[in-house]
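First up is the structure itself, then whatever we jot down about it.
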Amino acid sequence: MPRFDVISLFPAYFEPLKHHGVSRRAFDSGQMQLECWNPRDFTTDAHRTIDDRPYGGGPGMVMLAEPLERTLDAIATARQRAAQPAAPVWLFSPTGRRIDQKLVDDLAQSDGVTLLCARYEGVDQRLIDRRVDAEISLGDFVLSGGEIPALALLDAVSRLLPGVLGSAQSAQQDSFSDGLLDCPHYTRPEVYDGQAVPEALLSGDHARIAQWRREQSLRLTLQRRPDLIAQLTKTQSLTKSDLKLLSALGYTLQV
Ligand code: 4F9
């Protein structure tokens with residue numbers, strides 16, 4: 001069972017995750033553990049200072065190394081006391097490695113991580129050098145802090161835990177699970193304001209339905225994310241019939 005220790009000045013961000021939707025089920029069923037730690041509780045001065053101005057000048061504030069290091073020590077102790085293995089520390093930063101489904105899948109199978117949510121102006125580099133194992137990013141944009149990426153990551157992990165999603169198949173059919181974007185979905189009514197559901201989906205022929213979905217996924221992925229198609233080609237993850245369809249759509253293999 002993954003245990004997540006989150007370091008944040010705003011632990012209230014994480015309450016909704018525990019109380020709503022799919023992620024709530026992961027916590028309620030004890031399949032995922034989340035502990036929030038406020039570095040302000042680990043300060044030692046009367047003002048409970050957690051940041052200061054950057055050396056060399058410039059805008060913004062930089063988080064102090066010491067309260068963060070104390071927080072990390074307290075987390076390590078708590079994990080030890082609970083007989084839980086030590087876990088790596090990840091820092092959310094736009095300069096980090098992009099989060100993808102593979103990383104999420106691996107995390108769902110792991111003992112968890114400690115997530116450090118900082119403000120962008122940053123954290124004293126010496127704390128990063130001493131205690132941070134990896135920096136991860138949600139994408140090429142800047143946020144006011146790491147809380148939103150932490151929520152995104154925790155949500156993505158929670159829905160992969162066994163029994164959390166309505167159907168175990170759901171996660172296997174997601175976008176990216178086979179390296180492709182998900183196909184379109186339809187529900188009742190059969191005709192909505194003159195627009196009919198694609199005929200293949202009404203056929204009851206499972207092979208035909210699967211083929212229609214695969215084709216839609218391939219079309220969509222080629223159109224929107226040709227980089228994913230290139231990746232699958234490189235790893236030889238496409239079937240003969242996939243390649244036939246792609247070449248009919250004008251895709252030529254890059255050699
Ligand atoms: C982190 C942005 C991860 C994107 C952290 C400010 C961030 C971020 N992905 N922005 N702090």
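First listed ligand is number 1; within each ligand, the first listed atom is number 1.
Of the polar atoms of Leu138, at least one N or O is found under 3.5 Å from an N or O of ligand 1, judged by distance alone. Ligand 1 has a nitrogen or oxygen under 3.5 angstrom from a nitrogen or oxygen of Leu143.
For Pro149, every heavy-atom contact with ligand 1 shorter than 4.0 Å involves the side chain, none the backbone.
The distance from the CG atom of Leu68 to the CG atom of Leu127 is 4.5 Å, given to the nearest 0.5 Å.
Those atoms of ligand 1 with a heavy atom of Gly139 less than 4.0 angstrom away are 4 (C), 9 (N). In summary, the atoms of ligand 1 found under 4.0 Å from a heavy atom of Phe92, numbered by their order in the structure, are 1 (C), 5 (C). For ligand 1, the atoms closer than 4.0 angstrom to any heavy atom of Phe141 are 2 (C), 4 (C). The Ser93 neighbourhood of ligand 1 comprises atoms 1 (C), 3 (C), with distances under 4.0 Å to a heavy atom of that residue. Every atom of ligand 1 is numbered from 1 in the order shown, and the set under 4.0 Å from a heavy atom of Ala118 is 11 (N).
The closest approach between a heavy atom of Gly96 and any atom of ligand 1 is not below 4.0 Å.
Dense packing is recorded around CZ of Arg208, with more than 12 heavy atoms of other residues, nucleotides or ligands lying under 6.0 Å away. Other residues, nucleotides and ligands place more than 12 heavy atoms under 6.0 Å from the CD atom of Gln173. In this structure, Arg40 places its CZ atom where more than 12 heavy-atom neighbours from other residues, nucleotides or ligands lie under 6.0 Å away. Counting heavy atoms of neighbouring residues, nucleotides and ligands inside a 6.0 Å radius, atom CD of Gln236 does not exceed 12 of them.
Using modelled atom types, one finds no donor on one side chain facing an acceptor on the other under 3.5 Å when comparing Asp227 with Gln231.
Screening Leu115, Asn38, Thr114, Leu91 for a side-chain contact (heavy atoms from CB on, under 4.5 Å) with Ile7, the sole residue that qualifies is Thr114.
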